[in-house]
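Quick notes on the structure that follows.
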Amino acid sequence: MVKELTTREQDYSQWYNDLVLKGSLADYSAVRGCMVIKPYGYALWENMQAALDKMFKDTGHENAYFPLFVPKSLFEAEEKNAEGFAKECAIVTHYRLKTDPNNKGKLMVDPEAKLEEELIVRPTSEAIIWNTYKTWIQSYRDLPILVNQWANVVRWEMRTRLFLRTAEFLWQEGHTAHATKDEAIAETVKMLDVYADFAENWMAMPVIKGVKTESERFAGAEDTYCIEALMQDGKALQAGTSHFLGQNFAKAFDVKFSDKNNTQEYVWATSWGVSTRLIGGLVMTHSDDEGLVLPPRIAPVQVVIVPIFKGDEQKAMIDEKMAVVVASFKAAGIRVKYDNSDNNRPGWKFAEYELKGVPIRIAVGPRDLENNQVELARRDTKEKTDISLDGLTKTVAALLLEIQSNLLQRAIKYRDDHITSVDTWDEFINVLDNKTGFVLAHWDGTAATEEKIKDQTKATIRCIPLDNPLEDGKCILTGNPSKQRVLFARAY
RNA sequence: CGGGUGGUAGCGCAGUCCGGUAGCGUACACGUCUGGGGGGCGUGUGGUCGCAGGUUCAAAUCCUGUUCACCCGACCA
C-alpha cells in the first residue's frame, strides 16, 4: 500500500498529523483529546526518558511517585496556581456506578456515592507534593529535597493536537526544596541547562534559553525559565520550563524548617518539567515530505538492514552473512533491525523505513556480497554509497555520529536564519507574516503592551533570552523606552 | 466552549439529495510469475454503514440526540 503523505507546503499541520499517524508514533482514541502512543512512538519516548533520567540522577535527583488525585482543599491552597489551572481540571465527584433501573444493561453514577470532597486529577503536582514535603522537612539538614517523578497529568484543553497539546500527557516533573533562595535559583537554572543540553545534544533541536514575562509565567511561580525551539513552519514551541517558585508553596502549605540558629524559615522551591510534547517538536524540527527524520541518539532503530534476494537460497546466504554484521552492530551498541521478512519487497521497505525516520539503511544483495560491500543510505541527506563490509561497524558508528551532528547543524542554521531583529512596527508585521520565525524587538516592559501586540499579531513574547545584551531602544508598539530586545514569535 | 466539515472493510474513498437491505481501490489469505525504490496475473476472505433513539412495510440514505476527529475562533504555562 502506498501511504500518501501531505506535503509540508500543501498543509503543514496535516503533514504533521500524517507523520505522527503513518509513522506509527500515535493514534487517536475514543477519548476526547487523549491519544494512544503506539509502540514505535513509545520506544522513542523511552529513549528520551532514559537520557533525561540519567541526567537528572547525575545532578543528584531521585525519582518518586505521588498520587494522581489531589483533594480540592489542597489544590486550592496556593491561590495563583489553583486559579491558573482551575479552568482545565478534570474532577472526580463519585466513587461508584450502579445498574440503571430505567435503562437495561447500562450503568449510571450512583448518586449515593458522592465524595465528601472532590478529587482533582492533577494538572501538575505541586499541591500534593508540597503537602507531602511538609512532613518530610523539619530541619535544614533535611534539605535540599531533589525529587523527580515520571507521571501523567490531565489538562482539559479546548483544542488538542497529537503530542503538542493533549488532554492527558506524559511528562516528568521535578520538585525541589531548598534552604536558601540562591540555592533554589541555582537549581532552576541548572535544570534549564539540563533541558537545553538534552534538546540540543540528544534531540538535535536547538533551543533558546530565557525567562518568561510576567503574563506568560507559570501560575504560582516567581520566575519561569524556558527553552524555546523553532519549528520548520516558523512557529515557536515552548519545549520545557523550569520554575523558581520562591516561598509561595512553602507558605501555602506551611513548610518551614529550622536553620542553624534554630530559627523557623520557609523553604524555597523549584519545579521543572518536559513532556511528550517534545516528540511533536522533534517531528517538526527534522522531518520532511518523505516522513520522519529521527536523530540517531534517540531513534528506536538506528540502522535497518534490508536484504535483497530471489528465492530461499539467496535469502539463506544473505541471512548468514548479515547475522555476523548484526551481531557486530549490537556489540557496538547500535540499535539494528534486520528485516528479511518476505511480505514486502525491498522498495516497499525502503519507503517504509524512510517514513519511520530510521537514520541509516543498509541494502544488501548478492551483487553486493560478490564485491564485499553493501549499499548504505542515510535518511538525513538521502545519499547512497557503496561501503565495504570490512570495518562496516566502525563506518556505521561514525556515520550515526555524523548524522546526529548534521541534523543539529541544519536545525541551528534554520533557527539562526530565522531570528530577525526589527526596529519598527511595519518590519515586525512583515517578518511575522512573510519570513516567520523569531523576532527580536524592543518592548516597553508592560503587560498591557504585550497584550496589545498579541491581539494585533498573534505573536507572543516567547522569552527574554538569558544572554540578552542590554541596548537602549524604543518599544515597537508604543515608542516608550526599552533597555533590551525580547524574543517574539507566533507559537504552538 | 461557539461556528463549519467529516466518520461506510485494516487504510483511502463512492453510494446519502430522489429510502428497497452495500460497492471500488488498496491491504489481507492462497496459488503463480517475480524480486536493486511502494510488483504482475488469478482465486478468495472481510463491513451491515461512529453510537443511541425515532419515522416507515422497508433506513447507510429521512428526523432527533450523542460521540470522535479535522478546520476557524475563543481558551491555553
Side-chain angles (χ1 to χ4, degrees), chain A residues 1-6 11-14 16-18 21-22 24 27-36 80-81 83-89 103 105-106 123-124 126 153 155-162 164-167 169 171 173 211-221 223-228 237-243 245 271-275 277 290-291 306-312 314-315 318 340 342-355 361-369 373-375 377 382 384 386 454-455 458 460-463 491-492:
Chain A
M1 182 185 66
V2 179
K3 295 188 185 175
E4 287 295 336
L5 296 177
T6 307
D11 183 345
Y12 195 80
S13 81
Q14 190 57 49
Y16 173 82
N17 287 336
D18 281 1
L21 296 169
K22 292 173 183 170
S24 299
D27 242 333
Y28 296 119
S29 75
V31 189
R32 197 201 81 97
C34 297
M35 64 177 179
V36 174
K80 282 185 179 165
N81 185 251
E83 196 189 318
F85 286 104
K87 284 172 289 180
E88 47 185 328
C89 285
N103 211 341
K106 304 288 182 189
T124 182
E126 275 79 4
V153 288
R155 296 179 188 179
W156 213 263
E157 300 288 354
M158 287 301 151
R159 202 169 162 185
T160 57
R161 298 205 57 195
L162 295 166
L164 297 172
R165 178 172 284 109
T166 46
F169 56 92
W171 78 343
E173 46 182 327
V211 187
K212 289 289 189 189
T213 60
E214 188 180 352
S215 50
E216 295 278 332
R217 194 176 288 160
F218 176 75
D223 255 321
T224 288
Y225 292 75
C226 63
I227 51 171
E228 291 285 328
L237 182 76
Q238 177 176 299
T241 48
S242 184
H243 314 291
L245 300 174
S271 69
W272 28 274
V274 295
S275 72
R277 174 181 245 206
E290 269 68 53
V306 177
I308 295 158
F309 53 86
K310 302 180 196 176
D312 291 343
Q314 284 191 356
K315 177 171 180 287
I318 299 169
N340 65 347
D342 209 4
N343 301 339
N344 298 112
R345 305 179 355 142
W348 191 93
K349 293 178 187 175
F350 293 172
E352 180 67 12
Y353 291 112
E354 275 162 15
L355 172 60
R361 179 186 72 235
I362 290 172
V364 55
R367 219 154 67 199
D368 300 295
L369 289 182
Q373 66 180 28
V374 296
E375 182 195 79
K382 300 289 195 58
K384 289 194 272 197
D386 290 331
K454 185 181 173 185
D455 286 347
K458 288 187 179 176
T460 49
I461 299 176
R462 302 318 301 156
C463 69
Y492 276 97

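Residue numbers start from 1 in every chain, and the chains themselves are labelled A, B, ... in the order their sequence lines are given, proteins ahead of strands.
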Describe the nucleic acid contact of A:K87 in one word from base, sugar-phosphate, nothing, applying a heavy-atom distance below 4.0 Å. sugar-phosphate
Reckon A:A30 touches a base, only the sugar-phosphate, or nothing at all at heavy-atom distances under 4.0 Å? sugar-phosphate
With no hydrogens and no angle check, do the side chains of A:R217 and A:S215 hold a donor and an acceptor under 3.5 Å apart? no
Does the structure show a Watson-Crick or G-U wobble partner for B:A74, both distances under 3.5 Å? Name it, or say none. none
Does a side chain donor of either A:E126 or A:S271 reach within less than 3.5 Å of an acceptor in the other side chain? yes
Donor-acceptor contact below 3.5 Å, side chain A:T224 vs main chain A:K212: no
Touch check for A:R361, heavy atoms < 4.0 angstrom, all strands: base, sugar-phosphate only, or nothing? base
At 4.0 Å (heavy atoms only), tell me whether A:G311 reaches a base, stays on the sugar-phosphate, or touches nothing. base
For B:G46, the nucleotide meeting Watson-Crick or G-U wobble distances (both under 3.5 Å) is none
Is there a donor N/O on one and an acceptor N/O on the other, under 3.5 Å, for the side chain of A:N344 and the base of B:G37? no
If the threshold is 4.0 Å, N to carboxylate O, is there a salt bridge linking A:K382 and A:E354? no
Categorize A:D342 for me: base, sugar-phosphate, or nothing, with a 4.0 angstrom heavy-atom threshold over every strand shown. base
Mind checking A:P123 for me? I need base, sugar-phosphate or nothing, with any heavy atom below 4.0 Å counting as a touch. base
Test for a donor-acceptor pair under 3.5 Å between the base of B:U34 and the side chain of A:R345, counting only N and O atoms. yes
Categorize A:G33 for me: base, sugar-phosphate, or nothing, with a 4.0 angstrom heavy-atom threshold over every strand shown. sugar-phosphate
Pair of N/O donor and acceptor under 3.5 Å linking B:G37 base with A:K384 side chain: yes
Can you tell me if A:K315 uses its side chain to pair, donor with acceptor, with the backbone of A:K310 under 3.5 Å? no
Please name the nucleotide paired to B:C62 by Watson-Crick or G-U wobble geometry with both distances under 3.5 Å, or report none. B:G54
Once you apply the 3.5 Å cut-off to both distances, tell me the Watson-Crick or G-U wobble partner of B:A69, or none. B:U5
Across all strands shown, which nucleotide pairs with B:C11 by Watson-Crick or G-U wobble geometry, both distances under 3.5 Å? B:G25
Scan A:F350 against the nucleic acid and name what it touches under 4.0 Å (heavy atoms): base, sugar-phosphate only, or nothing. base
Taking atom types as they are modelled, is there a donor-acceptor pair under 3.5 Å from the base of B:G37 to the side chain of A:E354? yes
N/O donor-acceptor pair, side chain A:R165 with base B:C76, under 3.5 angstrom: yes
